[in-house]
Amino acid sequence: MDVDIISEEENPMLHRTDVTFELVHEEATPSRLQVRDSLAAKLNKDAAEVVIRKLDTKFGMRKTVGHAKVYDTAAHATDVEQEHMLERNKIETDDEADSEADTEAEAEAEAEEA
């Protein structure tokens with residue numbers, strides 16, 4: 001899978017860069033997470049800082065055009081992006097991380113009691 005950046009537009013108010021990219025692939029259209037990881041690697045960013053907004057593949061073509069928002073930090077992404085976009089891109093919000101930590105702490109406490 002080859003990722004080529006078509007355009008980048010800085011958006012300093014939201015601490016992000018809006019990226020339009022083109023993706024050439026051999027098989028079926030890759031998953032959103034595969035594209036996110038490839039784009040993050042190309043831009044030298046952490047995967048949690050990249051939110052894939054749209055992937056558009058024309059029928060029968062091996063070329064996909066996509067739009068992504070690349071944030072300065074993962075915290076900026078969770079502050080700005082809508083919940084469903086964070087869910088689609090498998091980016092944990094602070095609330096989810098806190099609830100997972102609480103669940104792990106409860107499991108450890110129960111294990112110690114037994």
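We're numbering straight along the sequence, starting at 1.
Contact of the Val65 side chain with the Phe21 side chain is not registered, since no non-hydrogen atoms from C-beta on lie closer than 4.5 Å. In this structure the side chain of Val19 never reaches within 4.5 angstrom of the side chain of Ser7, judged on heavy atoms. Arg62 is not listed as a side-chain neighbour of Glu26, based on a closest heavy-atom distance of 4.5 Å or more. Using a 4.5 Å heavy-atom threshold, the side chains of Arg32 and Arg88 count as touching. Within the 4.5 Å cutoff, side-chain heavy atoms of Leu55 are placed close to those of Val35. Two residues are said to be in side-chain contact when any heavy atoms from C-beta on lie closer than 4.5 Å; Arg36 and Leu33 meet this criterion. Two residues are said to be in side-chain contact when any heavy atoms from C-beta on lie closer than 4.5 Å; Thr64 and Asp56 fail this criterion.
The two atoms that bring Ala48 and Ala77 nearest to each other are O-CB, 4.0 Å, heavy atoms only. Glu49 and Ala74 make their closest contact through CG-N, 3.6 Å (heavy atoms, listed as atom of the first residue, atom of the second, distance). Contact between Met85 and Ile52 at its shortest, heavy atoms only, is CE-O, 3.2 Å. Shown here for Val50 and Lys45, the closest heavy-atom pair between the two residues is CG2-CB, 4.3 Å.
Distance check, rounded to the nearest 0.5 Å: OG1 of Thr73 to CG of Asp46 gives 10.0 Å. Within the model, atoms NZ of Lys54 and OG1 of Thr20 stand 10.5 Å from one another, a figure rounded to the nearest 0.5 Å. If you take CD on Gln34 and OG1 on Thr29, they are separated by 10.5 Å, rounding to the nearest 0.5 Å. Taking OG of Ser31 as the reference point, atom CG of Asp37 lies at 8.0 Å (rounded to 0.5 Å). With rounding to the nearest 0.5 angstrom, the CD atom of Glu9 is 7.5 Å from the CG atom of Asn11. With rounding to the nearest 0.5 Å, the separation of CG in Asp2 from NZ in Lys42 is 8.5 Å.
Taken together through direct or relayed side-chain contacts under 4.5 Å among Ile, Leu, Val, Met, Phe, Trp and Tyr, Leu39 and Leu86 form parts of separate hydrophobic clusters. Under the 4.5 Å side-chain contact rule for hydrophobic residues, Met1 and Val70 share a cluster.
Taking the charged nitrogens against the carboxylate oxygens, Arg53 and Glu81 do have a contact shorter than 4.0 Å, which makes a salt bridge. Using a 4.0 Å cut-off between a side-chain N of Lys or Arg and a carboxylate O of Asp or Glu, Asp18 and Arg16 qualify as a salt bridge.
Taking the ring pair (Phe, Tyr, Trp, His ring centres under 6.0 Å) definition, one finds that His25 meets it with nothing, sequence neighbours left out.
Donor-acceptor pairing under 3.5 Å is recorded for the side chains of Thr17 and Glu10.
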Please walk me through it: do Tyr71 and Val51 pass side chain to side chain contact (heavy atoms under 4.5 Å, CB included)?
CA-CA 8 Å; Tyr71 289 88; Val51 177; 4.1 Å; yes
